[in-house]
Amino acid sequence: MGIHNLAKLIADQAPAAIKEGEMANYFGRKIAIDASMSIYQFLIAVRQNGENLTNDSGETTSHLMGMFYRTIRMIENGIKPVYVFDGKPPQLKSKELEKRLERRTEAEAEKTKAADAGDGEAFDKFARRTVKVTREHNDDCKRLLTLMGVPYVDAPTEAEAQCAALVKQGKVYGVGTEDMDALTFGADVLVRHLTFSETRKMPIREYSLTKALQGLGINFEEFTDLCILLGCDYCDSIKGIGQKRALDLIKQHRNIETILKNIDKKKYAVPDDWAYEQARQLFKVPEILPADATDLKWTEPDEDGLVSYMVKEKGFS
DNA sequence: ACTCTGGCTCAAGACGAG
DNA sequence: TTGAGCCAGAGT
DNA sequence: CTCGTCC
């Protein structure tokens, strides 16, 4: 997921693009957040004895717990979050998704084995690998957000692409995510560690795309090709080319076509049917909602509705 | 000497009681 | 699953 | 700070 080693490359080659700060700096700021990614993290992390938290009817509540407290924390700090939900993944990602499904199926079997063997530790490990965000998880969270007066957006495809679009459209200040590909989608401001900075001793790290491009000495088109060389979700990369060689090659040849004409293909095997052009298109013109299709409004929470939903329906206290 | 790979590890959210 | 960090080993 | 609990 994301762009392989991009954070490290920027830290090494364009350190001026990174600014460290604290929660208070974001008071009054609107921030787009990948909802599906957050939910996934909550489902993986919020567990007890290897199982998600559930209410009396057996419905999972880990995602609601996580999203509820995290969102409250942000609002308390004056941040206005807008959550963006994933739509249909693009075709190019299907290979990657197939792989993930395969791994989940495998983990499912291992989980059962561990349960039979009474191996709690292994069960725990494999249970985390079987996590999948479902329609129900998403719907629960949308319901919660509505009651909290926090807006959300349904992305046509990739949530990160839509988050970046909101930045470009001037609707939010930046994207709050751990996933560096928000930059590749053209978000000028990416904020990492936005939420766990207070609980843990991790400073908030803000990445500026503009400054990264300046520091690396390349333009945005070249940056896109650089990200593809580093390794993205949409196609393979060239074995033997990592952060250093990728940046050198881009600086020297400015695009992948020219690089391909000039590198020694015996040393660096180019993948068969390399779909770098399609990947490039996905980053350049991803499917996103036009500015007038999203209306972001933050309102007062519906307290009665929240109590009714969380306490009565979902068993919170 | 530098760079990349692939092996391994670990943690993963948020809160508050003690 | 992800990512990050670390380290050994091999390729350039 | 660490650890147990949240549901």
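These figures come from a predicted structure and were not determined experimentally. A, B, ... follow the sequence lines: proteins, then strands. Residue 1 opens every chain.
- The pair A:K244-A:D248 does not meet the salt-bridge criterion, since no charged nitrogen lies less than 4.0 angstrom from a carboxylate oxygen.
- Atom CG of A:L230 and atom C1' of C:dA4 are 16 Å apart (whole Å).
- In terms of heavy-atom proximity, A:D233 sits nearest to A:G2 at OD1-N, 3.8 Å.
- For DNA chain D, no neighbouring residue in residues 127-143 of chain A is found when judged by any heavy atom under 4.0 Å.
- Taking atom C1' in both D:dC7 and B:dG18, the straight-line distance is 23 Å, to the nearest Å.
- A:E206 places no side-chain N or O within donor-acceptor distance of the main-chain N or O of A:R192, the cut-off being under 3.5 Å.
- Of all the heavy atoms in A:P301 and A:L306, the pair that sits closest is CB-CD1, 4.2 Å.
- Across D:dC7, C:dT1, B:dC4, the shortest atom-to-atom separation from the side chain of A:Y40 is found for C:dT1.
- Distance from the side chain of A:K244 is smallest to B:dC4 among B:dC4, D:dC7, C:dG3.
- Proximity note for A:T195 (side chain, C-beta onward) versus B:dA14, C:dT12, B:dG6: the nearest is B:dA14.
- As rounded to whole Å, 14 Å separates atom P of B:dC2 from atom CG of A:D248.
- Regarding A:D34, its CG atom lies at a distance of 14 Å from the P atom of C:dT2, rounded to whole Å.
- With values rounded to the nearest 0.5 angstrom, A:Q169 atom CD is found 9.0 Å from A:L296 atom CG.
- In the region residues 43-64 of chain A, proximity to DNA chain D at under 4.0 angstrom, judged on heavy atoms, holds for A:R47, A:Q48, A:L53, A:T54, A:N55, A:T61.
- When the P atom is compared between B:dA12 and D:dG4, the two are found 14 Å apart, to the nearest whole Å.
- Spacing between atom CD1 of A:I72 and atom P of B:dG13 amounts to 18 Å, rounded to whole angstrom units.
- With hydrogens and angles ignored, the 3.5 Å screen pairs no side-chain donor or acceptor of A:N49 with any backbone N or O of A:E51.
- Rounded to whole angstrom, the span from the CG atom of A:L249 across to the C1' atom of B:dC4 amounts to 13 Å.
- Applying the 4.0 Å criterion to OP1 and OP2 of B:dT5, one finds that A:R245 has every side-chain N and O outside that range.
- Comparing the P positions of C:dG5 and B:dG13 gives an interatomic distance of 16 Å, to the nearest angstrom.
- Side-chain atoms of A:N52 never come within 3.5 Å of backbone atoms of A:T61 as a donor-acceptor pair (strictly under, hydrogens ignored).
- Classified by interplanar angle (parallel below 30°, tilted 30° to 60°, perpendicular above 60°), the ring pair A:F283/A:Y234 is tilted.
- Atom C1' of nucleotide C:dT1 and atom CG of A:D179 are separated by 13 Å, given to the nearest angstrom.
- If you measure from atom NZ of A:K266 to atom C1' of C:dT12, you get 16 Å, rounded to the nearest angstrom.
- A:H4 has its NE2 atom 11 Å from the P atom of B:dC4, to the nearest Å.
- At distances below 3.5 Å, not a single donor-acceptor pair connects side-chain atoms of A:T184 with backbone N or O atoms of A:T224.
- Comparing B:dC10 with D:dC3, their P atoms are spaced 15 Å from each other, to the whole Å.
- Among the nucleotides B:dG6, D:dC7, B:dA14, the one closest to any side-chain atom of A:K239 is B:dG6.
- Distance from the side chain of A:R73 is smallest to B:dC15 among B:dC4, D:dC7, B:dC15.
- Salt bridge A:D154/A:K142: present, at least one basic N to carboxylate O contact under 4.0 Å.
- Looking at which nucleotide of DNA chain C each of A:K8 and A:Y268 is closest to, the 5′-most match is held by A:K8.
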